2 protein chains.
Amino acid sequence: MNKVKIALADDHVLLRNGLAGLITNLGYTVLLECSTGKELTEKLDKNNLPDVVLMDINMPEMDGYETTAWLKTHYPLLNVLALSMYDDENAIIRMLRNGARGYIMKDSDPLELKRAIDDIVEKGVHYSELVTGKLLHSIYNVNGNAGHSQQLLELNEREIEFLKLASTEMTYREIAEHMHLSPRTIDGYRDSLFEKLNIKNRVGLVLYAIKNGIVQLN
Amino acid sequence: MNKVKIALADDHVLLRNGLAGLITNLGYTVLLECSTGKELTEKLDKNNLPDVVLMDINMPEMDGYETTAWLKTHYPLLNVLALSMYDDENAIIRMLRNGARGYIMKDSDPLELKRAIDDIVEKGVHYSELVTGKLLHSIYNVNGNAGHSQQLLELNEREIEFLKLASTEMTYREIAEHMHLSPRTIDGYRDSLFEKLNIKNRVGLVLYAIKNGIVQLN
DNA sequence: GTAAAAAACGGGAAAAACACCTTAACAGTG
DNA sequence: CACTGTTAAGGTGTTTTTCCCGTTTTTTAC
């Protein structure tokens, strides 16, 4: 039996480098490393694909969501294991819906990582307690409008753009000018996001944007 | 010559574990690992101290600032190398003022880490381009009120508490009730922070709190 | 012990954010 | 063609935030 081949995508070079060593020690092969999703899409070799892609969510250039979705269409057989700092419910669901086969946190144990990789190689998926817990929560927690969990994650380009600007010190009027839209339209974006994301005010927007890698802190 | 001994403090176990491997490969010894500042203070052995403590800023229980300050008084000879995700100017200055001997980012190159460790062991400090750049910026950038950079970092207990609450979806009135203070006092905290931190509104507060590890995004 | 500094508190007003409700244009669908 | 959904935008009013102006009380410093 051949060694399991892993690809690493994470912009934190120290983490990535260390992780590479850890993975080697666990008996796997590190096929390739990269700092952005874009880099991954360029480095992948059709004739020598990894068995598992360890994918960070927060990356510059092309984040984990986008990259996972891209892989889904271009390399549908590739297994993505999401690797994140946050256990945000929406982030988990978004990654899984974009095609990730599992989700683990950066503060988890190396053994958990090994279990996840083995699960994905053998069974195609890895559902940790974390993931199942959050999924159950999202199903039972129909606070307010039921069934909202189905479309709450599909943010379009403009909404993403708006979220980025809402996470700066601009006023909504300035955001409207910047996006060449009426302040009322911005109101609409804001209000619909409040409802979709189940938040009350702008602080909620900022927290969501950060946790979901829509804005990068430096 | 004996091997250089390193202590690791970071709550991201995967990063820490990987880092441990990397450090070993670089020819150093990993003396101890821990997930929180508190754990570090408990695990330190007077008779076998590390040469360098690699200290993350954002940790639960006791963050990097607090821990570095604690080490400064209890083990003044211990060398702390700060390890952070963000290159926030205030964070850098705060860590250095609390006694850190250097500051590197998690997305830096392993060779940069090695250089930093060697510098600290040999010369007692490591000033990277990043650090000197930011320090110069903070000196020349006297935008608004000059000399503010001296006291802008001393946030007291109440201000920290306020910042934590301001980073939630509570209104200021609710924050006031929660802190058993008049809304006017809260106004005062807010306005003085706006000035000290050179920000314009609540979004700025939230971003500052996150970048400086005052709030943890689980 | 007194002077200075800071923390806590307050009124009032302008700006911004939030809520709710309506309309127009347009695209896709049965 | 009517039906439905989505996007952009207007009207109006309330609440919250931000920014002035202060005073009183508590801490700190000399």
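Below, chains carry the letters A, B, ... as their sequence lines are ordered, and counting in each starts from 1. Just so it is clear, the model here is predicted, and its values are computed rather than measured.
Each of A/Arg190, A/Lys164, A/Lys196 was compared with A/Glu159 under the salt bridge (Lys or Arg N to Asp or Glu O under 4.0 Å) criterion, and only A/Lys196 meets it.
Between D/dA8 and A/Tyr189, a contact under 4.0 Å exists linking OP1 or OP2 to a side-chain N or O. In terms of phosphate contacts, A/Thr185 brings no side-chain nitrogen or oxygen within less than 4.0 Å of OP1 or OP2 of D/dA8. The side chain of A/Tyr172 contributes no N or O atom lying less than 4.0 Å from OP1 or OP2 of C/dA15.
Nearest to the side chain of B/Thr171, among D/dG10, D/dT17, D/dA8, sits D/dT17. Closest to the side chain of B/Asn201, out of D/dA8, D/dT18, C/dC18, is D/dT18. The A/Asn156 side chain lies nearest to D/dT7 when the options are D/dT7, C/dC20, C/dA17. When distances are taken from the side chain of B/Leu181 to each of D/dC19, C/dC9, C/dA19, the shortest belongs to C/dC9. When each of C/dA8, D/dG10, D/dT18 is scored by its nearest atom to the side-chain atoms of B/Asp187, the top-ranked nucleotide is D/dT18.
The interatomic distance linking B/Phe194 (CZ) with C/dA15 (C1') rounds to 13 Å, in whole Å. Taking atom CG of residue B/Leu205 and atom P of nucleotide C/dA17, one finds them 14 Å apart after rounding to whole Å. Atoms CG (A/Leu193) and P (D/dA8) sit 12 Å apart, rounded to a whole Å. Whole-Å rounding puts the B/Arg190 CZ to C/dA7 C1' distance at 16 Å. At whole-Å resolution of the value, CD1 in B/Ile175 and P in D/dT15 are 19 Å apart. Remark: C1' of D/dT16 and CZ of A/Arg202 are 13 Å apart, rounded to the nearest angstrom. Taking atom CD of residue A/Glu169 and atom P of nucleotide D/dT17, one finds them 16 Å apart after rounding to whole Å. What separates CD1 of B/Ile186 from P of C/dC9 is a distance of 9 Å, to the nearest Å.
Rounded to the nearest 0.5 Å, atoms CG (A/Leu163) and CD1 (A/Ile175) are 9.5 Å apart. Atoms NE2 and CG, from B/His12 and A/Leu15 in turn, are 9.0 Å apart once rounded to the nearest 0.5 Å.
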Item checked: Audit row: A/Lys200, B/Glu169, salt bridge (charged side-chain N to carboxylate O under 4.0 Å, His left out) steps and yes/no -> CA-CA 7 Å; A/Lys200 297 158 91 111; B/Glu169 296 185 26; 6.0 Å; no
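Residue side chain A/Arg184 reaches the base of D/dT12 through a donor-acceptor N/O pair under 3.5 Å, judged by distance alone.
Across all non-hydrogen atoms, the minimal contact from A/Arg202 to A/Leu165 is NH2-O, 3.9 Å.
Within the nucleic acid shown, B/Arg173 comes within 4.0 Å of sugar-phosphate atoms alone, with no base atom in reach, counting heavy atoms only.
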